[in-house]
Amino acid sequence: MEQHPTSAPVTIGRRPVEAGGGPTRAVPVPVAPMPTAGPLVDTFGRRHDDLRLSVTDRCNLRCVYCMPEEGMTFVPRREILTFEEIVRLAAVARHLGVTSLRLTGGEPLARKGIVDLVARLGSLGFADLSMTTNGMLLAPVAARLAEAGLTRVNISCDSLRPGRFAELRRRGDLDRVLEAMDAAEAAGLRPVKVNVVLMAGVNDDEIVDFGRFARSTGRTVRFIEFMPLDADGQWGRHRLVPGRRVLDAIGAVWPICPVVPEGSDPAPAERFRFVDGEGEIGVISSVTQPFCGTCNRLRITADGAVRNCLFSDDERSLRDLMRAGGSDRDLALALRRAVWAKASGHGINDPAFAAPRRSMSMIGG
Ligand code: SAM
Ligand code: SF4
């Protein structure tokens, strides 16, 4: 495990993060030596305690905003992290102060043996061990996942109309996903959060329907702005539905108010509750209102690359390090270096922005 240095921990200055998540993705010039003990911090003083770990880049669906219908190239299986490697990395991250671990993909439930993996990760002491899933394979394993130590799930569901749902997710079945939400709640995987990616002219006429769904089910519906992370490269601002528009549309029907004052919560979703007490919604305005200033996230791809931002191509292979005989201390240092190199913002709104080389399902959303 990581060795603690004998010298006093370095205090780094908190540098301001650019408002609006930009303007640049340039790697900042460090203002102090990188600390080799204490929490995982970057040069802007942002503490990283939330790890998104992708367990596979494969998926049983082909959502239009994520993967192409045909011809997706997957990482060869031998290059994907083994369970032993995943558990080892999670343990190192836990030792570095990561308290929240989210399993994602591709579709995490498409990975064989996922319940056993959750059980092994469940013994590492994360305060929160969650999963983002498309829900198609969830219902039969929800109870076993909960027993294994999973605390909660986010389930993606972009339409409440069966035909449209099938079109958007290409191989999806709305009834099965709604059953998965019931099964998750019955298993104690609460609160179930529902992720909705909105696309203008595609499903933005369902904003109020989803508001009603949140009120009638008690599930938090989180509206996510479409990001330039689709494998087809079809993203464009004309397809963007700003979070503000969602709040206006829902607020016009049922009064809402913020749950947590903006800026005091590192979670990306701005949360709002219905004033009459009937539930909650959230907006994740990654494009129009970037939350880079409070970002506390770190990602590891299914093939073991650590990434400090969804939109940065800065990747370091922890898999290669492990397979070359690297120690836990080497892994901890690699994680620290990755965080230390994090830019102030993702720069989506910078005219020079270019979408990252890997798309959402290859990174782990
Ligand atoms: N397969 C699982 C699922 O769909 O929930 C987990 C992986 S998926 C990549 C994680 C989340 O990213 C999902 O909520 C999905 O809707 C979202 N997502 C995928 N592509 C996106 C994009 N281009 N913009 C915004 N969100 C996206
Ligand atoms: Fe698969 Fe999730 Fe991407 Fe849809 S969003 S294609 S379910 S990884």
Side-chain angles (χ1 to χ4, degrees), residues 52-75 102-111 114 130-138 145 150 152-159 165-174 176-177 180-181 184 189 192-200 202-204 210 219-237 239-243 246 268-269 282-291 297 299-302 307 310-311 346 348 355-356 358-365:
R52 310 273 140 148
L53 209 159
S54 172
V55 297
T56 179
D57 63 336
R58 288 163 199 259
C59 189
N60 48 348
L61 302 186
R62 293 287 183 273
C63 306
V64 293
Y65 49 75
C66 183
M67 279 203 198
E69 185 156 23
E70 304 286 345
M72 185 76 189
T73 308
F74 298 107
V75 173
R102 174 172 293 274
L103 303 180
T104 182
E107 173 49 39
L109 295 177
R111 175 103 189 229
I114 187 73
S130 61
M131 180 183 284
T132 302
T133 170
N134 62 37
M136 292 289 291
L137 304 171
L138 179 59
L145 285 169
L150 198 73
R152 57 198 182 86
V153 282
N154 286 13
I155 300 178
S156 304
C157 176
D158 314 298
S159 175
F165 182 96
E167 267 173 46
L168 265 170
R169 312 215 87 191
R170 291 206 181 100
R171 304 172 186 176
D173 173 350
L174 177 61
R176 225 157 118 183
V177 173
M181 293 179 197
L189 296 171
V192 167
K193 293 185 184 169
V194 178
N195 287 358
V196 180
V197 177
L198 283 177
M199 298 172 80
V202 176
N203 60 347
D204 56 339
F210 271 113
R219 295 168 190 151
T220 301
V221 175
R222 294 147 29 107
F223 298 91
I224 304 175
E225 286 182 354
F226 181 28
M227 293 182 264
L229 288 167
D230 57 316
D232 279 339
Q234 295 301 310
W235 182 86
R237 281 181 193 269
R239 285 279 178 230
L240 192 64
V241 181
V246 173
V283 288
I284 302 183
S285 307
S286 320
V287 181
T288 62
Q289 298 250 288
F291 38 85
R297 291 176 176 195
R299 292 185 152 77
I300 297 178
T301 63
R307 286 175 75 107
L310 263 179
F311 296 96
H346 56 43
I348 293 182
R358 298 222 244 184
S359 56
M360 188 65 121
S361 65
M362 298 163 86
I363 300 169

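Model, not experiment: these values are computed from the prediction. In listed order, ligands and their atoms are each counted from 1.
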Notebook entry, point to check: Which is it for L145 and L109 under the side-chain contact (heavy atoms from CB on, under 4.5 Å) test, yes or no, and what are the steps along the way?
Noted result: CA-CA 10 Å; L145 285 169; L109 295 177; 3.8 Å; yes
Checklist line | T133/E107 under side chain to side chain donor-acceptor pair (under 3.5 Å): CA gap, chis, key distance, verdict | finding: CA-CA 6 Å; T133 170; E107 173 49 39; 2.7 Å; yes
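Under 3.5 Å, the side chains of R102 and T132 contain a donor-acceptor pair of N or O atoms. In this model, a donor atom of one side chain and an acceptor atom of the other lie less than 3.5 Å apart for D158 and Y65.
Looking at ligand 1, you won't find any N or O of C66 less than 3.5 Å from one of its N or O atoms. Looking at N154 next to ligand 1, no N or O pair under 3.5 Å apart turns up. At a 3.5 angstrom cut-off on N or O pairs, G106 counts as close to ligand 1. Considering backbone and side-chain N/O of D158, none are found under 3.5 Å from N/O of ligand 1. Any N or O atom pair closer than 3.5 Å counts here, and Y65 shares at least one such pair with ligand 1. The N/O atoms of T133, backbone and side chain alike, include one that comes under 3.5 Å of an N/O atom in ligand 1.
Between F223 and V197, every side-chain heavy-atom pair lies at or beyond the 4.5 Å cut-off. Proximity of V202 to R239: side-chain heavy atoms (C-beta onward) are separated by under 4.5 Å at one or more points.
Between R169 and S156, the closest heavy-atom pair is NH1-O, 3.0 Å.
Between R171 atom CZ and C63 atom SG the span is 10.0 Å, to the nearest 0.5 Å. To the nearest 0.5 angstrom, S286 atom OG is 4.0 Å from M227 atom CE. Remark: F74 CZ to R58 CZ distance equals 6.5 Å, nearest 0.5 Å. Separating the CG atom in L103 from the CG atom in L53 is a distance of 6.5 Å, to the nearest 0.5 Å. L198 contributes atom CG, which lies 10.5 Å from atom OG of S159 (distance to the nearest 0.5 angstrom).
Considering R169, R222, E225, E107 only, the shortest heavy-atom separation from atom 25 (C) of ligand 1 involves E225. Evaluated by nearest non-hydrogen atom to atom 10 (C) of ligand 1, the leading choice among L310, T132, L109 is T132. Comparing S156, S361, S54 by heavy-atom distance to atom 13 (C) of ligand 1, the nearest is S156.
Here C63 does not reach atom 3 (Fe) of ligand 2: none of its N/O/S atoms is less than 2.8 Å from the metal. With a cut-off of 2.8 Å, atom 1 (Fe) of ligand 2 has an N, O or S atom of C59 in range.
Under a 4.0 Å criterion applied to the non-hydrogen atoms of G105, ligand 1 contributes the atoms 7 (C), 9 (C). Of all atoms in ligand 1, numbered sequentially from 1 with element shown, those under 4.0 Å from a heavy atom of V197 are 16 (O), 26 (N), 27 (C). Proximity to C66 (heavy-atom distance under 4.0 Å) selects the following atoms of ligand 2: 3 (Fe), 5 (S), 6 (S). Those atoms of ligand 1 with a heavy atom of N195 less than 4.0 angstrom away are 14 (O). Those atoms of ligand 1 that come under 4.0 Å of a heavy atom in T104, given as number and element, are 6 (C), 7 (C). Here is the list of ligand 2 atoms found below 4.0 Å of a heavy atom in R169: 4 (Fe), 5 (S), 7 (S).
Nearest protein heavy-atom contact of atom 18 (N) of ligand 1 is M360 CE, 3.7 Å. Among protein heavy atoms, atom 24 (N) of ligand 1 sits closest to M227 N, 2.9 Å.
Taking a 4.0 Å cut-off on heavy atoms, S156 fails to register as neighbouring ligand 2.
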